Amino acid sequence: MNICNTNMACHRRRTLALFFIIILIFNMIELSFAQEGEKNRPTVDSVMALSPPYMPVYYADFPTVKYNPLQYQHIDTTIFHTSNYSPFYKPQNIYQTIGINGQAHKTVVFDYNREMGFNMITLPFNLFFKNQQDLRRYDVESSYTNISYTYGITSEHAIFATHAQKIKNFEFALDLTGLANKGYFLHQQTNLLNLDAQFHYHTKNNIYGISVSYILNHAKFAENGGLSDFHSFADRNARDTNITNVLSSFEVMFSNATTLINTHDALIQQYVNIRDGKGRYYGTFTHSLQFKRMNNNFTDFNLNNDFYRNRYYVSTDTTKDSITFYSFVNTLQWSNFEPGARQSENPYFIRFAGGIQHEFVHARMPRYHGNSLTLFARTSIRLFKVWDIYGNISYSFLGYIHNDAHAGGAATFALNRKRRHYIGFEADFYHNSPDFILSHYVGNNNAWTKIWKKQNVLRLGAYHTIYDYKVGFNYFMLNRYVFLNKYYEPELSEKDISVLQFNVFAPVRIKHFFMDVNLSVQHSTKSGIAVPLFAGRLYAAYQFKIFRNRLHILIGGDLMYNTMYYADAYNPIMHQFYRQDNEQVGNYLYFDMNLTMRVERIAFYVRGGNLLSGVFSYKYFTTPFYPMQGRNVELGITWKFYD
């Protein structure tokens, strides 16, 4: 790991890196002005292909098995959110993390959502790791490409790339995320690669169509387990330079532990539209075949008893824990709409889909071998031009998920569709088994076999929206809820847990002023669920133009805050957050600022992070024992191509 040993050496490296990047930015700005050329002249990109300054591009969420009519929305081409390249920076996301990009995280605003079928483990990487439910389908005239690169001084790199192509009846999309960070404390390296690719084709008469998708999640982490004594960091005196600026002086739990995770998710989906000789439509038959595989390995040697607590089942000097499984999922369903169909604008319609899913799972660690069947149905109905009603239900047989069930529904009343003015009500009820590793697990530090009754989780919600403003209320009731306790073991909540939420999201737009406000007030009745009373995020910016309106400049700031609470701690051995009641985090104001410049399709940005570090305190922890980054600088570039 490369950490500056002296203030002078660190300062020189940062100054040199900043100098070269500023020179690069000014050269790129000059290139961008040159590319703009005359007013009506098209821009020429690096491969000498004509690429206009702008072309409309739309996308829609595209869950491939439980698909619904697609609702496309326009890709934001403003520079307001350009510097929010990391999911952690997006105003709608309020997460606790373990310090740097790409590593484990957990939402501060409580939520519960489960897909039908077998679930081995819920990995805490949902903002970076993808599954089939996270894919997007793009609507482009020809092609669209977006490339972003960010350099964080002194050792952070991030690249994000998207390409979507349409040629007659063919559609192709590729998304890539790559992160590399040497870290700021001992043994904190992160390397992450996420890749997903999609291919769609349908015949000219649209009788037959096929979709193929593949997702790779690859991550390698140096797990340091957090600071051994995080109070020495949080309560230090800024005048004590011996421990203020040399982060390598703080001891960590692990100095040798590593995690390697690989997941593969491949799916082939084919559909046939049933029509008679007169062209009358009788529905669509769809078949999906999905293969999923996960290898999850944690290794450590010279074990730290402060963390392992002298609990060893295999070895006292070396740990090699793994979770490995693969599955095949076959799904056959009928619907009166085809995959990829757009949501109808008709004043009345009824959409229905239903089918059966077979899943075979083989797990080596922990050991499991079984089959399951799941029946499911869903519907979308519009009545009297103003009521939109949604519903879904599923029930499983056989294997570990025998008798698992889920029922959900929503009703939305449209006060004014043009203004997107709605009042809505939602409900979900889950009767399901906890993740398999909470029932059966074998590792060097923990081992158990538990037989749990089914969990019951009820969610009731109501909301009011106008344009993109939203005010919502949620109530969760969790019965027989299973969670990891402070001993890293699964525990059944003896009493029901209730969580109340009030949420506000307000995207304010007034001429050249932009602001996104995200606020949540929460209360949990029991300690099994930890939430802060208040959590909020605000991002505001002002935009203006110079050089005959060619250069767009935006100055913005980001605030994040939550009240003190006993946040869940993180266990890197099992890659799970667990309950603890010894250390509180919160009551710290995170403040970032950014400067963004855009010429035509290219934007440059500089972001200063955690600028209040050390001003009031050093208690910038969102997860116990894992400090966030101190004051830092990131520089980036985003380039769009429309061909």
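Here the structure is a predicted model, which is why all the values come from computation and not from measurement.
In this structure, Gln522 CD and Asn474 CG are separated by 9.5 Å, a value rounded to the nearest 0.5 Å. Remark: Asn587 CG to Thr563 OG1 distance equals 8.0 Å, nearest 0.5 Å. Atom CG of Asn126 is separated from atom CD of Gln133 by 13.5 Å, given to the nearest 0.5 angstrom. Note that the CD atom of Glu251 and the CG atom of Leu227 stand 10.0 Å from one another [nearest 0.5 Å]. Here Ile121 contributes atom CD1 and Asp435 contributes atom CG; the two are 7.0 Å apart, rounded to the nearest 0.5 Å. Between the OH atom in Tyr566 and the CG atom in Asp568 there is a gap of 13.5 Å [rounded to 0.5 Å].
For the pair Val482/Glu491, no side-chain contact is recorded, criterion being any heavy-atom separation below 4.5 Å from C-beta on. Between Asn302 and Ser255 the shortest side-chain heavy-atom distance does not fall below 4.5 Å. Side-chain contact between Trp448 and Pro490 is present, with heavy atoms from C-beta onward closer than 4.5 Å. Taking the side chain as every heavy atom from C-beta outward, Leu595 and Phe604 never approach each other to under 4.5 Å.
In this structure, Arg236 forms a cation-pi arrangement with Tyr618, its terminal cationic atom sitting closer than 6.0 Å to the ring centre and no more than 45° off the ring axis. For the pair Lys470 and Phe505, the cation-pi criterion (under 6.0 Å, within 45° of the ring axis) is not fulfilled. In this structure, Arg309 forms a cation-pi arrangement with Tyr488, its terminal cationic atom sitting closer than 6.0 Å to the ring centre and no more than 45° off the ring axis.
Tested against Asn101 for a side-chain hydrogen bond (donor to acceptor under 3.5 Å, both in side chains), the candidates Glu634, Gln629, Glu156 yield a single pass: Glu156. Among Tyr539, Tyr605, Tyr89, the one residue that satisfies the side-chain hydrogen bond (donor to acceptor under 3.5 Å, both in side chains) test with Asn594 is Tyr539. Remark: of the listed residues Phe254, Tyr312, Phe625, Tyr570, Phe254 is the sole one forming a ring-ring contact (aromatic ring centres under 6.0 Å, His included) with Phe307.
Judged by distance alone, with hydrogens and angles left aside, the side-chain atoms of Trp452 form no donor-acceptor pair with the main-chain N or O of Arg480 at under 3.5 Å. Of the possible polar contacts, none joining the Glu223 side chain to the Gly225 backbone as a donor-acceptor pair under 3.5 Å is found. Side chain of Asn217 to main chain of Lys130: a donor-acceptor pair is present (N/O by atom type, distance under 3.5 Å, no hydrogens or angles). Distance alone, capped at 3.5 Å, is enough to place a donor-acceptor pair between the Ser524 side chain and the Ile529 backbone. Using modelled atom types, no side-chain atom of His552 and backbone atom of Ile79 make a donor-acceptor pair closer than 3.5 Å. Here the side chain of Asp306 pairs no donor or acceptor atom with the backbone of Asn304 at under 3.5 angstrom.
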Taking it one step at a time, do Glu583 and His231 satisfy side-chain hydrogen bond (donor to acceptor under 3.5 Å, both in side chains)?
CA-CA 10 Å; Glu583 304 294 349; His231 290 288; 3.1 Å; yes
Verify side-chain hydrogen bond (donor to acceptor under 3.5 Å, both in side chains) between Asn562 and Tyr590, making sure each step is shown before the conclusion.
CA-CA 10 Å; Asn562 61 263; Tyr590 296 89; over 6 Å; no
Apply side-chain hydrogen bond (donor to acceptor under 3.5 Å, both in side chains) to Tyr588 and Asn610, showing your working.
CA-CA 10 Å; Tyr588 181 89; Asn610 198 6; 2.9 Å; yes
Assess the residue pair Leu186 and Asn224 against the criterion (side chain to side chain contact (heavy atoms under 4.5 Å, CB included)); give the C-alpha distance rounded to whole Å, side-chain angles, the decisive distance to 0.1 Å, and a yes or no.
CA-CA 7 Å; Leu186 285 173; Asn224 66 17; 5.8 Å; no
Would Phe591 and Tyr561 count as a ring-ring contact (aromatic ring centres under 6.0 Å, His included) here? Give the steps.
CA-CA 9 Å; Phe591 175 55; Tyr561 175 84; over 10 Å; no
Apply ring-ring contact (aromatic ring centres under 6.0 Å, His included) to the pair Phe233 and Tyr620, showing each step before the final yes or no.
CA-CA 10 Å; Phe233 179 91; Tyr620 39 88; 5.6 Å; yes
Quick one: do Asp300 and Tyr308 satisfy side-chain hydrogen bond (donor to acceptor under 3.5 Å, both in side chains)? Show the steps, please.
CA-CA 11 Å; Asp300 190 16; Tyr308 290 97; 2.9 Å; yes
Apply the test ring-ring contact (aromatic ring centres under 6.0 Å, His included) to residues Tyr184 and Phe250: give CA-CA distance (whole Å), side-chain angles for both, the deciding distance (0.1 Å), then the verdict.
CA-CA 11 Å; Tyr184 299 88; Phe250 294 96; over 10 Å; no
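The pair Asp516-Arg509 meets the salt-bridge criterion, with a side-chain N (NZ, NE, NH1 or NH2) lying under 4.0 Å from an Asp/Glu carboxylate O. Salt bridge absent: Lys90 and Asp558 never bring a charged side-chain N and a carboxylate O closer than 4.0 Å. Using a 4.0 Å cut-off between charged nitrogen and carboxylate oxygen, Arg311 and Glu489 count as a salt-bridge pair.
In terms of heavy-atom proximity, Tyr475 sits nearest to Ser498 at OH-OG, 3.3 Å. Contact detail for Thr78 and Arg598: the closest heavy-atom pair is CA-NH1, 4.2 Å. Of all heavy-atom pairs spanning His575 and Pro124, the tightest one is O-CD, 3.1 Å. Counting all heavy atoms, side chain and backbone alike, Asn444 lies closest to Val314 at OD1-N, 2.9 Å. Listed here is the closest heavy atom pair of Ser148 and Thr638: OG-OG1, 2.9 Å. The two residues Ile100 and Gly183 come nearest to each other via the heavy atoms CD1-CA, 4.4 Å.
No side-chain donor-acceptor contact under 3.5 Å links Asn181 and Thr190. No hydrogens or angles considered: nothing links the side chains of Asp235 and Ser232 as a donor-acceptor pair under 3.5 Å. Side-chain contact check for Asn84 and Arg607: at least one donor-acceptor pair (N or O, by modelled atom type) lies under 3.5 Å. Between the side chains of Ser315 and Asp317, at least one donor N or O sits under 3.5 Å from an acceptor N or O. For Thr82 and Thr596, the side-chain atoms include no donor-acceptor pair closer than 3.5 Å. Between the side chains of Asp175 and Thr162, at least one donor N or O lies within less than 3.5 Å of an accepting N or O. Asn113 and Tyr430 are linked by a side-chain donor-acceptor pair at a separation below 3.5 angstrom, with hydrogens and angles left out of the test.
Annotation: His512, atom NE2; neighbour count of heavy atoms from other residues, nucleotides and ligands within 6.0 Å does not exceed 12. More than 12 heavy atoms of other shown residues, nucleotides or ligands fall within 6.0 angstrom of atom CZ in Phe513.
The aromatic rings of His105 and Tyr95 sit perpendicular, their planes meeting at an angle over 60°, well past the 30° parallel limit.
Taking the ring centroids of Phe128 and Phe88, they lie under the 6.0 Å cut-off. In this structure, Tyr151 has its ring center closer than 6.0 angstrom to the ring center of His157. Checked against the 6.0 Å centroid criterion, the rings of Phe621 and Phe230 qualify as a close aromatic pair.
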